[in-house]
Amino acid sequence: MSAAFARIREPLLWFAGLLLLWELVVRVFALPTFVLPAPSNFLMRVVNEYPRFVTHGLITTRLIIYGFVAGAVPGLILAYLIANSRRCEMLLYPLVVFIQGLPKITLAPMMLVWFGYADFPKILLTALITFFPVLVDSVAGFKAADRRLFYLSRSMNASWFQTFRYIELPAAAPAIFSGFKTTIVIAVTVVIVVEWMNSNNGLGYIVLRAMDNKDTPLIFATLVVASAIGVALSYAMASLEKLLLPWRRK
Amino acid sequence: MTTGASIVARGITKVYGSDSSAYHALGPIDLDIKPGEFVSLIGPSGCGKSTTLLLASGLEPVTQGSIEVDGKPLTKPITEVGIVFQDHLLLDFRTAMKNVMLQQEIRGLDKSVIQARAESLFERLNLKGAENRYPWQLSGGMRQRVSIARALVHDPSMLLMDEPFGALDAISRTQIRHDLEMLWLDTRKTVLFITHSIDEAVGLSDRVLVMSKGPGTIVEEIKIDLPRPRPAHLGEYPEFTKYANRIYSIFEKLGVYKFK
Ligand SMILES: Nc1ncnc2c1ncn2[C@@H]1O[C@H](COP(=O)(O)OP(=O)(O)OP(=O)(O)O)[C@@H](O)[C@H]1O
Ligand SMILES: [Mg+2]
């Protein structure tokens, strides 16, 4: 609880300080709102138009979670296979490393061409992008476990599933969670970018509309909401880790 | 209470890897361990002691030779066994008690029976109060004790221990040696005990098998005829010094020590 809070408290303070500076700069230099709106301006927009942000924010959040789960689950499964089978590793890992290096976000316009305006292409692209970091961290986690733990489980006549459930998974869990925590934040950005290019709802869509209307404060207001979602999801992930891995030393 | 199993090995060797990476780690050696016997294996580092334990438990296949446990050929890992691995090998995500209870969970044994046995082992091994602490919250000696409890809680017929006291200070070592001896006197499991320590080997065993440098073979078998339970200060017995000297002189002859 306190550790997770300490992690977000400092960025929050920085963020508040930055906003204050921003407000001052805008007022002192009397910058036009179109170029740079004052925080007081766009923060009020968040407050005043909150029903809209709630509706579209929830749509975006749902996509983030679906996309993340759709990427993380196969990532975990493949990581387990790669870590436990030489053959899988030799066959798949070079390909994984190669694809990981590609800027997959550039596929967003193609998703529109292939699948149109639907949830599916957005979830697919988010899954594709979250898949790789989860995979890489989980492989490292599964491989880090002491090989002799398999001796232990075999001497107990453990089934394959028991070995996985009681030994391999918990041993790899810290590395897996560290992958989850970095990846969930990436997923926020991915969903918004995808919505921005290809959507008729969600926060990315609001940004798109705001650009059409040259409504700069709305862009910033959306940014605030998106950041809040990112922070909330990271916090949720950190709490989940605390709940599931209570043994981790502080 | 399960009684001890017998272990008979004939001409077993172990070669790790294959072709260019092949490494002859052990043997050939023979073992004849009687039910309920306490046998120590002592030898220089890298001579194949841990390998012998892995072969005897069926966790690693032999390269040559054969092993029989209780008269039955060993073809897969034996499960009627408790193993204390070199440097304890506790799961750091389970508390001390839950590490021990892993035996019950995985083997699907009766929870209340095993829980009661675990509690009495914690009592006997001086682990009271450590039940709900994680391995990293325990001292090195306590971790070793927990791992001994884990090896005993399901009442196996055989106990394989790989330098179980290796990480301990001299005082804890003496205490835990006595605790183990008392447990063994009560239960008479067959014990194969691996050690670097001549004191421990002589202090605990019915028989000591002395191994040569790797690939290790058994160069001498020493029957230890001392009354039990044995005292904290083994030097009390003149025979103890005799046995210890004999092992030293074997090591000297083998060139294990390089004293000028
Ligand atoms: N999995 C393995 N693959 C290849 N070589 C191995 C493997 N395990 C052990 N060896 C080698 O086999 C030899 C015997 O190893 P082993 O662990 O049995 O020695 P040991 O007598 O237990 O040594 P120590 O007293 O230091 O624990 C060593 O030279 C070691 O390097
Ligand atoms: Mg060893």
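Quick caveat, the model's predicted, so the values are computed rather than measured. Below, chains carry the letters A, B, ... as their sequence lines are ordered, and counting in each starts from 1.
Taking 4.5 Å as the heavy-atom cut-off, the residues of residues 101-120 of chain B that approach chain A are B:Leu102, B:Gln103, B:Glu105, B:Ile106, B:Arg107, ordered by number. Contacts of residues 165-188 of chain A with chain B at a heavy-atom distance below 4.5 Å involve A:Tyr166, A:Ile167, A:Pro170, A:Ala171, listed in sequence order.
To the nearest 0.5 Å, the span separating CE on B:Met158 from OG on A:Ser155 amounts to 11.5 Å. Atom NZ of B:Lys76 is separated from atom CG of A:Asn157 by 7.0 Å, given to the nearest 0.5 angstrom.
Residue contact with chain B, scored on non-hydrogen atoms closer than 4.5 Å, involves the side chain of A:Asp146 exclusively. In this structure, the portion of B:Leu54 lying under 4.5 Å from any heavy atom of chain A is its side chain and not its backbone. When heavy atoms are compared at a cutoff of 4.5 Å, B:Gln86 approaches chain A by way of both its backbone and its side chain. Only the backbone of B:Ile78 has a heavy atom closer than 4.5 Å to any heavy atom of chain A.
Between A:Leu245 and B:Phe93 the shortest side-chain heavy-atom distance does not fall below 4.5 Å. The shortest distance between side-chain heavy atoms of A:Leu152 and B:Arg150 falls below 4.5 Å. Side chains of B:Thr79 and A:Met156 form no contact here, defined as non-hydrogen atoms less than 4.5 Å apart.
The environment of A:Lys104 atom NZ is dense: over 12 non-hydrogen atoms of other residues, nucleotides or ligands sit within 6.0 angstrom. Residue-environment remark: OH (B:Tyr16) exceeds the threshold of 12 foreign heavy atoms within 6.0 Å.
Across B:Leu91, B:Val81, B:Thr95, B:Leu160, the residue that shares the most heavy-atom pairs under 4.5 angstrom with chain A is B:Leu91. Per-residue counts of heavy-atom pairs under 4.5 Å with chain A were compared for B:Arg94, B:Glu60, B:Gln137; the largest is that of B:Glu60.
A salt bridge links A:Arg148 to B:Asp87: one of the charged nitrogens lies within less than 4.0 Å of a carboxylate oxygen.
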